[in-house]
Each structure stands twice: as C-alpha cells, then as structure tokens.
Amino acid sequence: MTQPAPQQFKSALSGRLVVPGWMNLVPGKADGVEIQLDVAAADLHRAQASLLIEYWATPDDLTLQSVLPVRAFSAASEGWCAFVPPQGRVLVRAIDPQPNPPVLASHWINVDPATPAGTTVNVAVSFPAATPAIQNLLNR
C-alpha cells in the first residue's frame with residue numbers, strides 16, 4: 001500500500017514553500033512572522049550542507065526543530081520559509097560537515113511580542129569559501 005504524499009503548504013504572501021510543520025506552533029497564537037530562508041546561489045551545489053532550524057517559544061521550551069538540506073533550495077525555485085507567532089526565538093544553524101574543518105554557524109532571531117502581523121524576516125545563508133589547509137608550523 002502506498003502512502004499519500006503530505007500536503008505542501010505555500011506562503012500566500014511570498015509564494016515560498018513552508019518547511020513542513022512550521023505553522024501554528026503555539027496553540028492560541030496566530031502565525032504573524034514569516035521567516036524567509038535564502039541560501040546563496042554559490043552554495044546550492046553543496047552535497048552535505050543543511051540548515052537546522054529551531055523555534056523556542058520560551059527559553060526553556062524547544063518547540064520545534066527541523067533539518068532542511070541545502071539541496072532542497074535548488075529543487076524548489078520558489079524558496080522556503082517558516083511561520084512563527086510573535087513570541088520566542090528562532091535559531092538558524094548552517095552546517096556543512098564535508099569540508100575540513102566542518103562549517104557550523106548560528107544566528108538567533110528574537111521575536112518581540114509587539115511584532116506586527118505580516119512581518120517578514122529574511123535570513124541570508126552564505127557559507128564561507130573553502131578553508132585553506134592548516135599549515136604545520138612545528139619544526140621537525
């Protein structure tokens with residue numbers, strides 16, 4: 001028996017695909033903020049890179065965590081977004097384990113409860129250029 005494909009939601013404002021599960025995160029709180037995720041064109045070729053997205057409704061409450069592979073951005077020309085209510089914090093981490101040393105960068109977004117509905121936040125992700133090999137400075 002085959003399973004039906006899950007419904008993919010799109011933002012009415014931007015036309016971007018919504019990361020699965022990233023709507024109606026807090027019961028009784030409307031989604032008022034669209035977090036738009038943009039990966040630099042030069043990074044779309046990365047085979048192992050991912051974005052780890054976390055939403056913390058309170059400092060003690062990790063409400064949702066998702067992994068979005070960078071290759072999803074080249075597969076969906078409309079782009080990706082997430083919706084959150086006007087409260088809490090969003091953590092976006094860019095991870096690429098392939099280079100040596102691996103890439104790990106983090107950025108917190110604090111969402112003020114006074115944020116007006118319909119606010120858009122853009123997160124631009126640009127991985128650093130290839131890290132040069134570390135030279136051995138020890139004399140042998």
Nearest heavy atoms of [X] and [Y], plus distance in Å:
| X | Y | value |
| --- | --- | --- |
| Leu91 | Ser106 | CD1-CB, 4.0 Å |
| Pro85 | Tyr55 | CG-OH, 3.3 Å |
| Thr120 | Asn122 | CG2-OD1, 4.0 Å |
| Val33 | Pro86 | CG2-CA, 4.5 Å |
| Pro69 | Ser50 | CA-OG, 3.9 Å |

Stepwise side-chain contact (heavy atoms from CB on, under 4.5 Å) check, Cys81 with Val19: CA-CA 6 Å; Cys81 68; Val19 177; over 6 Å; no

Roughly how far, to the nearest 0.5 Å, is [atom2] of [Y] from [atom1] of [X]?
| X | Y | atom1 | atom2 | answer |
| --- | --- | --- | --- | --- |
| Leu64 | Glu54 | CG | CD | 9.5 Å |
| Leu51 | Ile95 | CG | CD1 | 8.5 Å |
| Trp80 | Leu37 | CH2 | CG | 10.0 Å |

CA sep, side-chain torsions, deciding dist, call: Asp96, Gln48, side chain to side chain donor-acceptor pair (under 3.5 Å): CA-CA 6 Å; Asp96 189 348; Gln48 301 298 322; over 6 Å; no

Residues Ser11, Glu34; criterion side chain to side chain donor-acceptor pair (under 3.5 Å); working and verdict: CA-CA 8 Å; Ser11 165; Glu34 180 175 339; 2.9 Å; yes

Audit row: Gln36, Arg16, side-chain contact (heavy atoms from CB on, under 4.5 Å) steps and yes/no: CA-CA 8 Å; Gln36 297 181 353; Arg16 292 170 181 251; 3.5 Å; yes

Check whether [X] and [Y] end up in the same hydrophobic cluster, where Ile, Leu, Val, Met, Phe, Trp and Tyr are linked by side-chain heavy atoms less than 4.5 Å apart.
| X | Y | value |
| --- | --- | --- |
| Leu62 | Trp108 | yes |
| Val18 | Val67 | no |
| Val90 | Trp56 | no |
| Val103 | Leu44 | yes |
| Leu25 | Val121 | yes |

Non-neighbouring partners of Glu78 that pass salt bridge (charged side-chain N to carboxylate O under 4.0 Å, His left out), sequence neighbours left out: Lys10

Heavy atoms, side chains only, cut-off 4.5 Å: are [X] and [Y] in contact?
| X | Y | answer |
| --- | --- | --- |
| Asp31 | Asn24 | yes |
| Gln65 | Leu52 | yes |
| Lys29 | Gln87 | yes |

Asp43 vs Arg71, salt bridge (charged side-chain N to carboxylate O under 4.0 Å, His left out): CA-CA, chis, key distance, verdict: CA-CA 9 Å; Asp43 293 315; Arg71 66 181 178 270; over 6 Å; no

With Arg89, the side-chain contact (heavy atoms from CB on, under 4.5 Å) member among Thr58, Asn110, Ile109, Val84: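 Testing Arg89 for a side-chain contact (heavy atoms from CB on, under 4.5 Å) against Thr58, Asn110, Ile109, Val84 leaves exactly one candidate, Asn110.
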
Steps toward side-chain contact (heavy atoms from CB on, under 4.5 Å) verdict (Val123, Asp38): CA-CA 6 Å; Val123 177; Asp38 298 310; over 6 Å; no

Side chain to side chain donor-acceptor pair (under 3.5 Å) between Ser66 and Trp22, intermediate numbers included: CA-CA 9 Å; Ser66 295; Trp22 281 81; 2.7 Å; yes

